[in-house]
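Just so we're on the same page: letters track the sequence lines, and every chain starts at 1.
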Number of protein chains: 6
Amino acid sequence: MANAVKEAWKAGKAVVNGWLAIPNAFSAEMYSKCGWDSVTVDMQHGVQDYLSCVACFQGIQPSGAVPMVRVPWNEPGIVGKVLDAGAMGVICPMVNTAAEARALVQYSKYPPAGTRSNGPIRAGAYGSSGNYQKTANDEILVIPMIETKTAIENIKEILDVPGIDGIYVGPSDLSFSYGKEPKLDVEDPEILAIYDMLLAETGKRGIAAGLHNGSPAYANKMIQKGFKLVTIANEVGLMCQAATAAVKAARGG
Amino acid sequence: MANAVKEAWKAGKAVVNGWLAIPNAFSAEMYSKCGWDSVTVDMQHGVQDYLSCVACFQGIQPSGAVPMVRVPWNEPGIVGKVLDAGAMGVICPMVNTAAEARALVQYSKYPPAGTRSNGPIRAGAYGSSGNYQKTANDEILVIPMIETKTAIENIKEILDVPGIDGIYVGPSDLSFSYGKEPKLDVEDPEILAIYDMLLAETGKRGIAAGLHNGSPAYANKMIQKGFKLVTIANEVGLMCQAATAAVKAARGG
Amino acid sequence: MANAVKEAWKAGKAVVNGWLAIPNAFSAEMYSKCGWDSVTVDMQHGVQDYLSCVACFQGIQPSGAVPMVRVPWNEPGIVGKVLDAGAMGVICPMVNTAAEARALVQYSKYPPAGTRSNGPIRAGAYGSSGNYQKTANDEILVIPMIETKTAIENIKEILDVPGIDGIYVGPSDLSFSYGKEPKLDVEDPEILAIYDMLLAETGKRGIAAGLHNGSPAYANKMIQKGFKLVTIANEVGLMCQAATAAVKAARGG
Amino acid sequence: MANAVKEAWKAGKAVVNGWLAIPNAFSAEMYSKCGWDSVTVDMQHGVQDYLSCVACFQGIQPSGAVPMVRVPWNEPGIVGKVLDAGAMGVICPMVNTAAEARALVQYSKYPPAGTRSNGPIRAGAYGSSGNYQKTANDEILVIPMIETKTAIENIKEILDVPGIDGIYVGPSDLSFSYGKEPKLDVEDPEILAIYDMLLAETGKRGIAAGLHNGSPAYANKMIQKGFKLVTIANEVGLMCQAATAAVKAARGG
Amino acid sequence: MANAVKEAWKAGKAVVNGWLAIPNAFSAEMYSKCGWDSVTVDMQHGVQDYLSCVACFQGIQPSGAVPMVRVPWNEPGIVGKVLDAGAMGVICPMVNTAAEARALVQYSKYPPAGTRSNGPIRAGAYGSSGNYQKTANDEILVIPMIETKTAIENIKEILDVPGIDGIYVGPSDLSFSYGKEPKLDVEDPEILAIYDMLLAETGKRGIAAGLHNGSPAYANKMIQKGFKLVTIANEVGLMCQAATAAVKAARGG
Amino acid sequence: MANAVKEAWKAGKAVVNGWLAIPNAFSAEMYSKCGWDSVTVDMQHGVQDYLSCVACFQGIQPSGAVPMVRVPWNEPGIVGKVLDAGAMGVICPMVNTAAEARALVQYSKYPPAGTRSNGPIRAGAYGSSGNYQKTANDEILVIPMIETKTAIENIKEILDVPGIDGIYVGPSDLSFSYGKEPKLDVEDPEILAIYDMLLAETGKRGIAAGLHNGSPAYANKMIQKGFKLVTIANEVGLMCQAATAAVKAARGG
C-alpha cells in the first residue's frame with residue numbers, strides 16, 4: 001500500500017493531480033488514464049457525494065493514479081467514510097487553526113495517533129496483504145487547505161501539528177478572504193508573497209505545499225517555484241474548454 | 001416545437017452537433033452550453049441507456065441545443081421511448097435496405113404516416129402548447145445511418161423512402177465494410193467518392209447528409225463540402241485529449 | 001402465489017389499477033398504498049426501465065397490490081426479465097395479429113405452454129413455497145393491448161389464442177389508428193361500438209377486458225359497462241392535476 | 001441572477017412554494033411546471049440527499065420556478081454544496097438562537113459577509129454573465145426555521161442578525177415544542193398568537209415570514225394574514241391524496 | 001409499530017442481527033429473508049449513504065426483520081433522516097461520554113424527551129395507524145456504541161443517561177484503543193473482563209448489551225454469556241467467504 | 001488483450017466462472033477477488049441491465065478475472081453494447097438453430113466475419129495498445145446456450161457454425177424442455193447422456209463445453225467429466241446460503 005505521491009515527495013518530485021467533479025465512474029475511468037500521478041474526487045465544490053466518490057475510486061483504480069479526496073468539510077463521519085473507501089489522501093477545506101488541523105489528524109489516523117474507527121471496507125481489500133491497519137497512518141496523506149487570512153495568521157501552529165503531510169492552497173478563497181477578487185492563477189504580489197512564505201515554512205518542516213491551478217502553464221511555473229502537488233482545473237472544465245474551442249473551429253472560427 | 005435543426009437545414013445552413021457518451025446529467029448540462037446547435041445522446045456506442053438518456057435530455061434543455069439520440073438499434077420499443085422522452089431527431093445505426101428505412105419511419109411517426117404509439121410523457125410537456133401530436137411527424141428528424149457497402153448499394157431506394165429527413169455517415173463502419181481500416185476523418189479516395197455520391201443523391205432529394213468526425217478541422221472541411229450535420233468526437237474524447245495535453249504541459253513537456 | 005386480480009375476475013369483480021411513470025421506489029411505495037387492486041409499471045410510455053421496474057416492484061410489495069408491468073414492446077428478453085422480477089401480469093402494447101399474440105404467450109409461459117426460460121430470481125423468492133415454476137403459467141396474466149384497426153380486424157383470432165387472460169384497450173392509439181384525435185375517455189360512437197364488440201367477444205370466451213382511462217368518473221362508468229380492469233391516468237398526472245389546483249386555490253383562484 | 005422570490009417580496013407579494021420529497025428529476029420536472037413561484041427540495045424530511053437535490057434542480061430549471069432547498073441541518077458542508085448546486089434560497093431547520101442564525105449566515109455568504117467557499121460549480125453557470133460571486137450575497141435568501149419555544153423566546157435577537165431575509169415557520173414542530181399535538185393548519189389560539197407576533201416582528205424589520213401548510217385553503221388564509229412564503233404539503237402528499245380519491249371515485253364511492 | 005427487538009429483550013431473548021454493507025435494495029431483500037431478527041444498514045463502515053439506506057429498508061421490509069441503522073456519526077441531521085426513513089433502532093459509533101449519549105438521545109426522540117423534528121415521511125406510513133409520533137419515543141431503540149477506553153472509563157454515566165435502550169460493543173475499535181490489534185471474536189482476557197463488566201452494568205439497569213462478531217460460533221457463545229444483540233460479519237463478508245470456498249471446492253481443493 | 005479463458009482452454013484447462021446477479025459495482029468488486037478465472041454478468045435472469053453491467057465490469061477489473069456477460073436475448077443492440085463495454089465473452093440464451101447461432105456470430109464479430117459496429121468505448125481503452133479492433137474477433141468468446149430439445153436436435157449444425165468458441169448448457173431449461181423438473185446438478189440419465197453427446201461433439205470440433213452448476217462438488221465432478229467452463233450458482237445465492245447457515249449457527253442450531 002505504498003503511496004506513490006508520498007514516494008514522489010520523498011524523491012523531491014512534484015505531483016500532477018487530476019480533479020473530479022462529474023459523479024460518474026466511467027468518466028472518472030477515462031480521465032484517470034490521461035497521465036495523472038494522482039486524481040482527487042472533489043466532494044466540496046464538485047457534484048460528488050460519498051457513493052459517487054466510491055464509484056470514481058473504482059474508475060480511478062486501473063489507471064494506477066493515487067486516489068485522493070477533498071472532503072466537503074472537516075467532519076469525522078465523512079473523513080472516516082472516504083478513508084474506508086480507499087482514499088490515500090484527504091484534502092480538507094478551510095482549516096484555519098491548529099485545533100482544526102489537530103481534529104483533522106484525529107479523524108484520519110488510527111489509534112494511538114488518532115481516533116479513526118476500524119473498518120476499511122474497500123481500502124482494506126487493496127492494502128498491503130491484510131496489513132492495511134498497520135500502514136495506513138504512515139501512507140495516507142493528511143492535507144489541510146490553507147485558504148483564509150486566519151489560516152495564514154495561524155500558519156506556524158497549523159504546520160507544527162504532528163501528522164500533517166502537506167498543505168493545499170485554494171487561491172480563490174484565499175484572495176477572497178483578503179478582499180480581492182476570487183480567482184485562480186493569481187499574479188497579485190501580496191498573494192504571491194504568501195506563496196513564498198508557505199513554501200519556506202513547509203520546506204523547513206519537510207512537508208509539501210500544493211496549489212489549485214487554472215492552467216497547465218501556471219501549474220508548471222508553480223512546480224518550478226517549489227509546489228509539490230499541482231492540480232489543473234477539473235475534468236468538466238477541461239471538457240467545456242475543449243468543446244467550446246471545437247465548436248468554434250468546426251464553424252471555421 | 002419548431003426544430004431548430006430543421007430550420008437551419010431549410011435555410012441551407014450546416015449544424016454542429018455534440019455527442020454524449022457519459023451517462024450523467026450534470027456532465028451533459030455543462031457540455032451542452034458550449035455552443036452546439038444540437039446534442040445527440042449516443043445510446044449505441046456511448047455508455048448510455050434509456051434513463052441516462054432522459055437525464056441527459058434534462059441536462060441539455062437549458063442550453064437550447066436540439067436534443068437528438070442515436071438509438072442502439074432499429075427496434076420499435078426503444079425508438080418510441082426516446083421520442084416520448086423528447087428526442088427531436090433519431091439517428092439509427094446500420095440501416096442497409098429500404099425495408100429497414102421504412103421500418104424506422106414507421107416506428108418514428110404517428111398514424112397515418114407510421115405506427116408510433118401515443119404517450120409523449122416528457123416530450124408532450126414541452127411541445128407546441130399541447131399540440132405535440134399534430135406537429136411531431138413534421139418536426140422530428142428521422143435519420144438512418146449509412147455505414148455499410150450494402151447500404152451504399154441500396155442507397156437510392158433508401159433515400160426514396162418517404163419520411164427520411166437526412167442520412168448520417170459512420171466513416172469507421174463504412175471503411176470497415178469496404179475492407180479498410182475503421183477510422184474517422186477519412187482521406188481514402190474511394191470513401192471520399194462515396195461521400196460525393198451521397199451529397200449528390202441527398203441533394204437531389206432535398207434531404208441532408210451528416211457525418212461523424214474526429215476533429216473540428218475536418219468537420220469544417222466537410223461543411224464546406226456540403227455536409228449539413230457534423231459531429232466532432234464525443235465529450236469524453238474531448239475531455240481526455242484536453243487532460244492528456246494538460247498533464248504534459250504541467251510537466252513542462 | 002395466488003393472483004388477486006385473477007381471483008377478482010373469477011368472482012366477476014372489476015379491478016382498479018394504478019399506473020407508474022416515475023422511476024422511483026419511494027414514489028411507487030407511497031402511491032401503491034392508496035387503495036389500488038393492482039399497480040402497473042409502465043415501461044412503454046412511462047419513464048421506466050428494467051431496474052426502475054424492479055425498484056417499483058419493491059415499493060409496491062408492502063401495499064399488497066398486484067404488481068404488473070406494461071412492457072415496452074413484444075420482445076422476449078424484456079418479457080422474461082420483468083416476469084423474473086416478479087410481475088404477476090404482462091400488458092403488451094400493439095398486438096395486432098394472432099401470431100403476435102401467440103409470440104407473447106410463448107415468451108410469458110414456461111414449457112410446455114411456452115418457451116420462457118427458468119430463473120425467477122426475485123419472483124421465485126415470493127412464490128408459493130418454492131412452487132413458483134408450477135403455478136406461474138396459471139397465475140400470471142398475459143394481456144395483449146388492442147389498440148389498432150388491424151387488431152380489431154383480427155380480434156377473433158387474437159382472442160382465440162390459448163393463454164390470453166384478457167385484453168387491454170389503449171383508447172388514444174385506437175382512435176389514432178381510426179384517423180381520430182388520440183384521446184382517453186372517448187365518447188365517439190364508433191369507438192364505443194368497438195368497446196361493445198370487445199366486451200361481447202371477451203365475454204364469450206370468459207376473458208377480461210381492460211381499459212385505460214383519464215378520469216375516475218369515466219373509469220367507473222366503464223366498470224358498469226363491463227370492463228374488468230380500469231386504470232386512471234398515472235401517478236405523475238394525478239400529482240400534476242392536484243398541484244395545479246392547489247397552486248390556484250392558494251392564490252385564491 | 002435576479003431572484004424572483006426576492007423581487008416578489010419587494011413588491012409586497014406572497015410567493016406560493018412547492019416542496020419536493022421524491023428523489024427524482026422527472027417527477028420534479030413535471031411538478032415544477034404546475035405554477036409555483038418557487039420549488040424547495042426538502043433534504044430534511046424529504047427522501048432527498050445532495051445528488052438527488054442536484055437532479056431535482058435540473059428538473060426545476062425549465063419551469064422558471066426559483067429553486068430553493070431545506071437543508072437537513074445547520075452544517076457548513078451541506079449549506080455550501082447546495083448553494084454551489086444552484087439554490088437561490090436556503091431554509092434551515094431548528095434555528096433556536098442568534099448564534100445559530102449567525103452561523104447560518106456565515107455558511108451562506110461569501111466574504112466579507114460570511115465564510116462560504118468559492119466554487120459555484122453549477123450555480124455559476126447560470127449566474128449573471130459570470131458575475132455570480134458579486135451578486136450571490138444579495139440574491140440568495142437565507143431563511144432560518146422558527147419552530148421551537150426556544151426560538152420564540154430568542155426571536156428578536158434572531159431576527160436582528162444581519163443577512164436574514166426571512167423566517168420559515170414549521171407548525172408541527174412548533175406545536176410539539178409547546179406540548180401540543182404536532183400538526184399543520186393550526187387553529188390553536190396560542191400558536192396563532194405566535195404567528196401574529198412573528199408577522200409583526202418580521203414586518204418591523206422588513207423581512208418575510210413563511211409558513212408550511214397542509215391545504216391550499218389554509219395557505220390562502222395565511223397569505224391574507226401576511227405570510228409571504230406559503231408551501232402546500234409536498235408532491236408525494238398531493239399525489240397520494242389525489243390517488244386515494246381517484247380509487248374511491250372509480251369504485252363509485 | 002411494536003418493535004420486535006424490544007419485545008424479544010423484554011422476554012429475555014437474544015436477537016440475531018444482520019449487517020448490510022452493499023448499497024443495493026435487491027441484495028438487501030434477498031439477504032433479509034435468511035432468518036434474521038433484525039437487519040442493520042451500516043452507514044459508518046458499509047458502502048452506504050442515506051438513499052441507499054432507504055432502498056435497503058424497502059428491501060428489508062417484506063422479510064419482517066426489524067430495520068435498524070448504524071449512523072456514520074453522532075450528528076443530528078443524519079439521525080433524523082434515518083429515523084424518518086423508518087429505522088426502528090439507531091446504533092451510533094464512538095459515544096465516549098454521557099454528554100455525547102445525551103445528545104444522541106436528544107436527536108432520536110420527539111419532545112419533550114428530545115428535539116427530533118417531526119416529519120416521518122416513510123416511517124409514518126407504516127406506524128401504528130397514524131400513531132407514529134405517539135409511540136416512536138418508546139419503540140425506537142437508541143444504542144450508543146461503546147468502543148474506546150474513554151467510553152469504558154465513563155461507562156456508568158453513559159449508561160445512566162435516560163433513553164438509552166442498550167449498548168453495542170465494537171470489539172476491534174475497543175481493542176485498538178487499548179493498544180491491542182483490532183479484531184473481532186476477541187479472546188484477550190482484558191477485553192473479556194470488560195465484556196463482563198458491561199454485561200453486569202447493563203444488567204443492573206435493565207438495558208441490553210450487543211456485540212459485533214466475526215463468526216456464528218463466537219456469536220452463539222456470546223449469547224450464552226448474556227449479550228442480547230449479536231451481529232455476524234456483514235453480507236459481503238459472508239458472500240466472499242462462501243465464494244472463496246466454492247472456487248476452491250470446484251477446483252477439487 | 002489476450003483472453004485468459006481462451007488460453008486456459010488451449011492449454012486444456014477448465015475455467016471456474018463466477019456469476020453476478022446483484023447490480024452493484026462494490027459487490028462485484030469484492031466477489032471478483034475470490035479466485036474466479038472469469039466472472040459473468042447475468043443480464044438474463046440476474047437483476048442487471050446495461051449500465052449495471054458496465055459498473056460490474058469496473059468492479060471486476062482489478063481482480064484480473066475475465067469479464068463476460070450473459071445477454072438477455074440474441075439481439076444485436078445489446079450484444080454490441082456489452083462488447084463495447086469490455087465483455088471478453090458473450091453467453092447467449094436459447095440458441096436453438098444454426099441460423100440463430102450465425103446471427104449471434106454476426107452481432108459479435110467485426111467485418112468481414114460479422115457486422116458488429118465499430119466503437120469500443122470502454123473495451124478499446126484496455127485493448128492491446130490501440131489494437132483492439134484487430135484482435136477482438138479472435139479473443140472474444142462467442143458462446144451460445146444449448147438449453148432446449150430443439151437445440152439438441154440441431155446440435156451438429158449449430159456447432160458447425162464458424163466463430164462459435166464454445167457452448168454453455170443451462171440444465172434447468174434443458175430439463176424443462178424435455179418435460180422434466182427444471183433443476184441444476186442433474187442426475188437424470190437422459191440428461192447426462194446429452195451431456196456426454198455434447199462433450200463428444202464439441203470435443204471433435206475443438207470447442208469448449210460449459211455448464212451451469214448449483215454446487216461446487218457437482219461443478220468439480222463436471223470438470224472431471226470434461227466441461228471446460230463451470231459456474232457455481234450466483235453471488236446472491238452463495239450469500240443467502242451462507243447467511244441462512246450463519247443465523248442457524250448463531251442460534252446454536
Side-chain angles (χ1 to χ4, degrees), chain A residues 13-37 39 46-48 52 55 65 211 213-224 227 230-253, chain B residues 13-37 39 46-48 52 55 65 211 213-224 227 230-253:
Chain A
K13 288 188 208 153
V15 159
V16 180
N17 179 52
W19 204 250
L20 295 177
I22 299 172
N24 185 262
F26 168 67
S27 176
E29 186 179 25
M30 294 298 120
Y31 172 82
S32 299
K33 297 165 64 80
C34 295
W36 312 97
D37 298 303
V39 173
V47 181
Q48 299 278 7
S52 72
L211 185 68
N213 304 276
S215 67
Y218 192 89
N220 181 255
K221 208 164 63 177
M222 291 300 114
I223 291 175
Q224 309 305 327
F227 282 99
V230 298
T231 306
I232 310 154
N234 59 21
E235 92 286 49
V236 75
L238 288 173
M239 178 177 83
C240 288
Q241 270 184 298
T244 304
V247 170
K248 210 171 161 185
R251 295 213 160 101
Chain B
K13 290 188 208 152
V15 158
V16 180
N17 178 53
W19 205 250
L20 295 177
I22 300 173
N24 185 263
F26 167 68
S27 175
E29 187 179 23
M30 293 299 119
Y31 172 82
S32 299
K33 296 165 64 79
C34 294
W36 312 98
D37 297 303
V39 174
V47 182
Q48 301 278 5
S52 73
L211 186 67
N213 303 277
S215 69
Y218 192 90
N220 181 255
K221 208 164 64 177
M222 292 299 114
I223 291 175
Q224 309 307 325
F227 282 97
V230 297
T231 306
I232 310 153
N234 58 21
E235 91 287 49
V236 75
L238 289 173
M239 179 177 84
C240 289
Q241 270 184 297
T244 304
V247 170
K248 210 171 161 183
R251 296 213 159 100

Contacts of A:N234 that satisfy side-chain contact (heavy atoms from CB on, under 4.5 Å) - sequence neighbours left out: A:W19, A:A21, A:V236, D:I121

Contacting moiety of B:A217, where chain A heavy atoms sit under 4.5 Å: neither

Where B:G35 and A:V247 come nearest, the two heavy atoms and their spacing: O-CG1, 3.6 Å

Best-contacting candidate, A:I223, A:V230, A:N213, A:I22, against chain B by heavy atom pairs under 4.5 angstrom: A:I22

B:P216 versus A:A246, closest heavy-atom pair with distance: CB-O, 3.5 Å

Residue among A:M239, A:Q224, A:M30 with most heavy-atom pairs under 4.5 Å to chain B: A:M239

All side-chain contact (heavy atoms from CB on, under 4.5 Å) counterparts of B:S52, not counting sequence neighbours: B:P23, B:Q48, B:D49, F:L51

Max heavy-atom pair count under 4.5 Å with chain A, selected residue of B:A14, B:A219, B:C240, B:S215: B:C240

Side chain / backbone / both / neither for A:Y31 at chain B, heavy atoms under 4.5 Å: both

Segment of B:L238 engaging chain A (4.5 angstrom heavy-atom cut-off): both

Under 4.5 Å from any heavy atom of chain B - which part of A:D37: both

Rounded distance (nearest 0.5 Å) linking atom NZ of A:K248 with atom SG of B:C34: 13.0 Å

